[in-house]
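No experiment lies behind these values; they were computed from the predicted model shown.
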2 protein chains.
Amino acid sequence: MTTYAVDAWAALADPTRREIFSRLAVRARSVTELASELPVSRPAVSQHLRVLKDADLVRVRPEGTRRIYAADPDGLRAMRAELETFWSAALTTFKMLAEAEPQESE
Amino acid sequence: MTTYAVDAWAALADPTRREIFSRLAVRARSVTELASELPVSRPAVSQHLRVLKDADLVRVRPEGTRRIYAADPDGLRAMRAELETFWSAALTTFKMLAEAEPQESE
DNA sequence: GGTAAACGTAAGTAGTAACTTACCGTTCGT
DNA sequence: ACGAACGGTAAGTTACTACTTACGTTTACC
């Protein structure tokens, strides 16, 4: 059910969004705090956070008038698994090709 | 030197490109062969392959009139490392938050 | 209850990205 | 040498994305 995931790949492709996520992975922060650390406006941060939230990459916790965002490992799981698959497959294929053509000398 | 990397994140964010890469990770293929397996034209595949190549995610080997593309682990390395950093950081922060607020009941 | 802070959303814009068709160069086979 | 296969690039179009400013809503505080 939780596995709809609006594509964590696309969500983390944007540099600003990746920067936001990396900061939230270290420590939870409010929207205004994030905006103060970044070269974009606060609404821009809100929009990025929505994308991250739709990808299950962040969670929100209301705290008075502020909303504290934190990184959520859930959205990362599938992506991480797929990347590991890519990695091992690429490594295997790469090694096979390297053995198949042992040129380099001569 | 090889470590310029045109952002593997952005390169793999596109679904078609990710599909191309996943196929090349399993087995090397020519451009035409890739195009025949995908719902896009051959030039589109060529363009995707260029992006993947700029990100060091694929390599080419000429073979007669064909060009055989294969997945290259190089472009994946940095991205994989960064993702692992995200993962462990997110996990740690997530656990800390979970312990800090043991509500759920009441 | 009024004010201020925090945040989300609407509306509009500029830049980019993915795709198509058309064209050109290169390599192999006969 | 000629024709065909293969593939990269140019040009053009459409769609989306990241951003801004403006506005409305909610919560806290006095």
Side-chain angles (χ1 to χ4, degrees), chain A residues 4-24 27-72 75 79 101, chain B residues 4-24 27-72 75 79 101:
Chain A
Y4 174 46
V6 183
D7 202 10
W9 291 93
L12 291 180
D14 182 76
T16 301
R17 216 142 48 209
R18 203 155 65 240
E19 179 65 34
I20 290 177
F21 181 76
S22 78
R23 289 173 184 268
L24 293 183
R27 174 171 66 80
R29 286 167 168 84
S30 73
V31 180
T32 301
E33 185 177 2
L34 276 171
S36 73
E37 303 170 346
L38 298 169
V40 295
S41 69
R42 185 192 49 73
V45 174
S46 270
Q47 290 160 13
H48 282 308
L49 286 170
R50 179 144 75 124
V51 175
L52 291 173
K53 191 163 189 304
D54 286 346
D56 282 333
L57 286 165
V58 298
R59 292 196 181 187
V60 213
R61 161 179 42 108
E63 190 169 283
T65 105
R66 296 188 304 172
R67 318 200 77 202
I68 309 300
Y69 281 84
D72 184 348
M79 184 182 179
E101 39 168 325
Chain B
Y4 174 47
V6 183
D7 201 12
W9 292 94
L12 291 181
D14 182 78
T16 301
R17 217 141 49 209
R18 203 155 65 240
E19 179 65 33
I20 289 176
F21 181 78
S22 78
R23 288 173 185 268
L24 293 184
R27 173 171 66 80
R29 286 167 168 84
S30 73
V31 180
T32 302
E33 183 176 3
L34 276 171
S36 74
E37 303 170 345
L38 298 169
V40 295
S41 69
R42 186 192 49 73
V45 173
S46 270
Q47 290 160 13
H48 282 307
L49 286 171
R50 178 143 79 121
V51 176
L52 291 172
K53 190 162 189 305
D54 287 345
D56 281 333
L57 286 165
V58 299
R59 293 196 178 186
V60 213
R61 159 178 44 107
E63 191 169 283
T65 103
R66 297 187 303 173
R67 318 201 76 200
I68 309 299
Y69 281 84
D72 184 349
M79 184 181 179
E101 40 167 323

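Taking A:E37 as the reference, A:R23, A:R29 meet the side chain to side chain donor-acceptor pair (under 3.5 Å) condition, with sequence neighbours excluded. A search for salt bridge (Lys or Arg N to Asp or Glu O under 4.0 Å) contacts involving B:R66 returns B:E63, not counting sequence neighbours.
Rounding to the nearest 0.5 angstrom, the gap separating the CD1 atom in B:I68 from the CG atom in B:L34 is 9.5 Å.
If you measure from atom CD1 of A:I20 to atom P of D:dT17, you get 16 Å, rounded to the nearest angstrom. For the pair B:E63 CD and D:dG7 P, the computed distance is 10 Å after rounding to whole Å. In this structure, A:L49 atom CG and C:dT9 atom C1' are separated by 14 Å, rounded to whole Å. Atom-to-atom, CG of A:D7 to P of D:dT17 comes out at 11 Å; the value is rounded to the nearest Å. Residue A:R66 contributes atom CZ, which lies 11 Å from atom P of D:dC29 at whole-angstrom precision. Separating the CG atom of B:L38 from the P atom of D:dG7 is a distance of 14 Å, rounded to the nearest angstrom. Computed from coordinates, the B:K53 NZ to D:dG8 C1' distance equals 12 Å when rounded to whole Å.
With a 4.5 Å cut-off on side-chain heavy atoms, B:E19 and B:D14 do not count as touching. Residues B:L57 and B:D72 fail the side-chain proximity criterion, which asks for heavy atoms closer than 4.5 Å. Inter-residue side-chain proximity for B:Y69 and B:R59 is flagged as unmet; no heavy-atom pair is nearer than 4.5 Å. Between A:D54 and A:D7 the shortest side-chain heavy-atom distance does not fall below 4.5 Å.
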Only pairs under 3.5 Å count here: list side-chain donor-acceptor contacts from residues 46-53 of chain A, not counting sequence neighbours, and write none if there are none.
residue : atom : partner : partner atom : Å
A:H48   : ND1  : A:R17   : NH1          : 3.3

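Among the nucleotides C:dC19, D:dC6, D:dC19, the one closest to the side chain of B:H48 is C:dC19. For B:R67, counting side-chain heavy atoms from C-beta on, the closest listed nucleotide (D:dT20, D:dC19, D:dG8) is D:dG8.
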Quick test: give all pairs of protein nitrogen or oxygen and nucleotides 13-17 of chain C nitrogen or oxygen below 3.5 Å, distance rounded to 0.1 Å.
none

Write out a two-atom table: protein N or O, nucleotide N or O from nucleotides 9-14 of chain D, distance below 3.5 Å.
none

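Between the side chain of A:R18 and the main chain of A:A13, a donor-acceptor pair closer than 3.5 Å is present.
Here A:Y69 reaches the OP1 or OP2 of C:dG8: one of its side-chain N or O atoms lies under 4.0 Å away. For B:T65, no side-chain nitrogen or oxygen approaches OP1 or OP2 of C:dG25 to under 4.0 Å. OP1 or OP2 of D:dA5 has not a single side-chain nitrogen or oxygen of B:S30 nearer than 4.0 Å.
Using a cut-off of 4.0 Å between Lys/Arg side-chain N and Asp/Glu carboxylate O, A:E33 and A:R27 are scored as salt-bridged.
Position along DNA chain D of the nearest nucleotide to A:G64 versus A:S41 favours A:S41 as the more 5'-ward residue.
Across every non-hydrogen atom of B:A11 and B:A55, the tightest pair is CB-CB, 4.0 Å.
Axis angle, first five pairs versus last five pairs of the helix from C:dG1-D:dC30 to C:dT30-D:dA1: 30°, rounded to 10°.
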